[in-house]
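Order of listing sets the numbers, starting from 1, for every ligand and every atom in it. Positions are given from 1 along the sequence.
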Amino acid sequence: MILFKKAESLSHYLKTVKQDGKTTGFVPTMGALHAGHLSLLKEAKKLASLTVCSIFVNPTQFNNADDFSNYPITLEQDIEHLVRAGCDVLFLPPVAEIYPAAYQAPVYPLGYLENVLEGIYRPGHFQGVCQVVDRLLQIVDPGVLLLGQKDFQQCQVIARLLKITGRNNTQLSVAPTIRESDGLAMSSRNLRLNKSQREKATALYQALTEAKEALHTHTPEQVSSRAKQNLEQKGFRVDYFAICDAATLLPATDHSKKLIALVAAYLDNIRLIDNLPLN
Ligand code: AMP
């Protein structure tokens, strides 16, 4: 695996590699890698001949300073995982490579997508995500961009970003959520859970699977308010438990459409998100 810290060196290297006919699959991450990240890399290896992974904890997407300063960093272990998984290139930029002094943050026209669900509770978050992904795509210019369904709304935001920025040569591929054996969606933030929080955290996936069942006999509103209540009784502070049209992320009205349940909730100061397609 070749490690790059400079954007220009990486771009230059990838240009020469592409001239040799290789295609690139790109997995952007914030590190503290787990099997979910590695599943994206595995998928990238199927879809492209050269895999690039980035690790960059992007300051502009954190709307909570504590969340940023407590974000887990496990770099040595990450590098070992990547080497073992056969990653070809790791991009590990310092902040100034992504946001040089002359950088002016664009405002991305994301429309209502940034005003629903995560957008309501994490103002500015998706603009920050677009800033970093836009910069990374400028540098890597991949043939395939791999994202996880775990961050369902983020996938839609990035699909929009690709349109806005006219990146027709980059295909978006979304991979399924990898879970622990008790159903908890893998997440770097799980590292921050203590034993008792970790035991409670599995209730999120239970709530999603129960919602899927309950939707056969109850309305989306009934199902989501019951799920929210249940989670609160178990000690979560729930930002939202929503049943939405999977194509638009607007509240579900029509059962014949593809629906998805999405949840964001805190255990103490640790915010977890998850989702489950329903039909
Ligand atoms: P992060 O490091 O949290 O920014 O995530 C980097 C990428 O990994 C994003 O595309 C995430 O959606 C994806 N990802 C995170 N957790 C999982 C998971 N449990 N299963 C599959 N993909 C995931």
Side-chain angles (χ1 to χ4, degrees), residues 25-48 51-64 67-68 70-75 77-79 81-82 85 87 90-93 98 117-118 122 125-137 140 142 144-162 170-193 198 201-202 204-205 208-209 246 249 260 262-264 270-277:
F26 178 44
V27 181
T29 82
M30 297 205 296
L33 301 183
H34 50 66
H37 297 115
L38 298 176
S39 76
L40 299 185
L41 191 62
K42 203 168 164 191
E43 195 58 25
K45 287 179 82 70
K46 281 191 216 153
L47 298 173
T51 50
V52 182
C53 177
S54 63
I55 296 180
F56 178 68
V57 184
N58 173 36
T60 72
Q61 74 186 69
F62 285 82
N63 52 312
N64 177 323
D67 189 26
F68 178 56
N70 290 321
Y71 200 83
I73 293 175
T74 59
L75 186 56
Q77 219 177 296
D78 291 352
I79 291 176
H81 280 313
L82 290 173
C87 179
L90 169 59
F91 184 38
L92 199 60
I98 299 295
L117 303 169
E118 290 296 283
R122 301 190 68 186
H125 168 65
F126 285 127
Q127 288 294 328
V129 168
C130 285
Q131 286 164 18
V132 71
V133 175
D134 193 9
R135 280 290 294 135
L136 289 168
L137 293 177
V140 177
V144 191
L145 172 65
L146 285 297
L147 300 178
Q149 182 172 309
K150 156 90 177 9
D151 298 279
F152 192 83
Q153 188 173 4
Q154 174 168 281
C155 294
Q156 299 208 344
V157 164
I158 300 303
R160 174 98 31 117
L161 174 73
L162 293 176
T170 299
Q171 177 206 327
L172 178 59
S173 176
V174 176
T177 302
I178 304 296
R179 300 180 177 281
E180 303 286 355
S181 55
D182 64 359
L184 177 66
M186 290 195 182
S187 163
S188 305
R189 286 185 179 86
N190 294 353
L191 288 176
R192 295 183 52 210
L193 298 169
R198 172 63 188 83
T202 189
L204 279 185
Y205 182 62
L208 290 167
T209 49
L249 288 185
I260 184 162
L262 306 107
V263 61
I270 304 165
R271 189 173 186 274
L272 301 171
I273 63 169
D274 199 355
N275 64 74
L276 190 71

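Under the 4.5 Å side-chain criterion, counting only non-hydrogen atoms from C-beta, Ile273 is not in contact with Val263. Here the side chains of Met30 and Ser188 are not in contact, with every heavy-atom distance at 4.5 Å or above. The closest side-chain heavy-atom distance from Gln61 to Asp67 is not below 4.5 Å. Residues Ile260 and Leu276 fail the side-chain proximity criterion, which asks for heavy atoms closer than 4.5 Å. Side-chain contact between Ser173 and Leu47: present, with at least one pair of heavy atoms (C-beta onward) separated by less than 4.5 Å. Within the 4.5 Å cutoff, no side-chain heavy atoms of Leu147 are placed close to those of Val27. A heavy-atom distance below 4.5 Å is not found between the side chains of Asp274 and Leu184. Contact annotation: the side chain of Val129 approaches that of Ile158 to within less than 4.5 Å [non-hydrogen atoms, C-beta and beyond].
If you look at Pro28 next to ligand 1, the close heavy atoms, those under 4.0 Å, all belong to the backbone. Proximity of Arg179 to ligand 1, defined as any heavy-atom pair under 4.0 Å, is not found for any part of the residue. By the criterion of a heavy-atom distance under 4.0 Å, neither the backbone nor the side chain of Cys155 is placed next to ligand 1. The backbone and the side chain of Met30 each have at least one atom closer than 4.0 Å to an atom of ligand 1 (non-hydrogen atoms only). Neither the backbone nor the side chain of Val27 has any atom closer than 4.0 Å to an atom of ligand 1 (non-hydrogen atoms only). Looking at His37 against ligand 1, only its side chain comes within 4.0 Å, counting heavy atoms.
Residue contact check: Pro176 has heavy atoms under 4.0 Å from atoms 20 (N), 21 (C) of ligand 1. Using a 4.0 Å cut-off to heavy atoms of Met186, the atoms of ligand 1 that qualify are 16 (N), 17 (C), 18 (C), 19 (N). Which parts of ligand 1 touch Thr29 is read off a 4.0 Å heavy-atom cut-off, strictly below it: atoms 2 (O), 6 (C). Heavy-atom proximity to Leu147, at under 4.0 Å, picks out these atoms of ligand 1: 10 (O).
Close N/O approach between Leu146 and ligand 1 is not found [any backbone or side-chain N/O within under 3.5 Å]. Considering backbone and side-chain atoms alike, Leu40 places every N or O at 3.5 Å or more from each N or O of ligand 1. Taking only nitrogen or oxygen atoms, main chain and side chain alike, Ala175 does not reach within less than 3.5 Å of ligand 1.
Checked by atom type and distance alone, the side chain of Arg135 pairs as donor or acceptor with a backbone atom of Ile98 at under 3.5 Å. Judged purely by atom type and a 3.5 angstrom limit, Thr170 uses its side chain to pair as donor or acceptor with the backbone of Pro142.
Considering only non-hydrogen atoms, atom 18 (C) of ligand 1 lies nearest to Gly36 out of Gly36, Cys53, Ser187. Considering only non-hydrogen atoms, atom 14 (N) of ligand 1 lies nearest to Asp151 out of Val133, Leu41, Leu38, Asp151.
Under a 4.0 Å heavy-atom criterion, Arg189 is not in contact with ligand 1.
Side-chain contact of Thr177 with Gln149: a donor-acceptor pair under 3.5 Å is absent, judged by distance alone.
The six-membered or imidazole ring of Phe62 lies near that of Tyr71, with a centre-to-centre distance under 6.0 Å.
Here the heavy atom of the protein found nearest to atom 10 (O) of ligand 1 is Gly148 N, 2.9 Å. Summary of contacts: the protein heavy atom closest to atom 20 (N) of ligand 1 is Ile178 N, 2.9 Å. Scanning all protein heavy atoms for the shortest distance to atom 3 (O) of ligand 1 gives Tyr71 OH, 3.9 Å.
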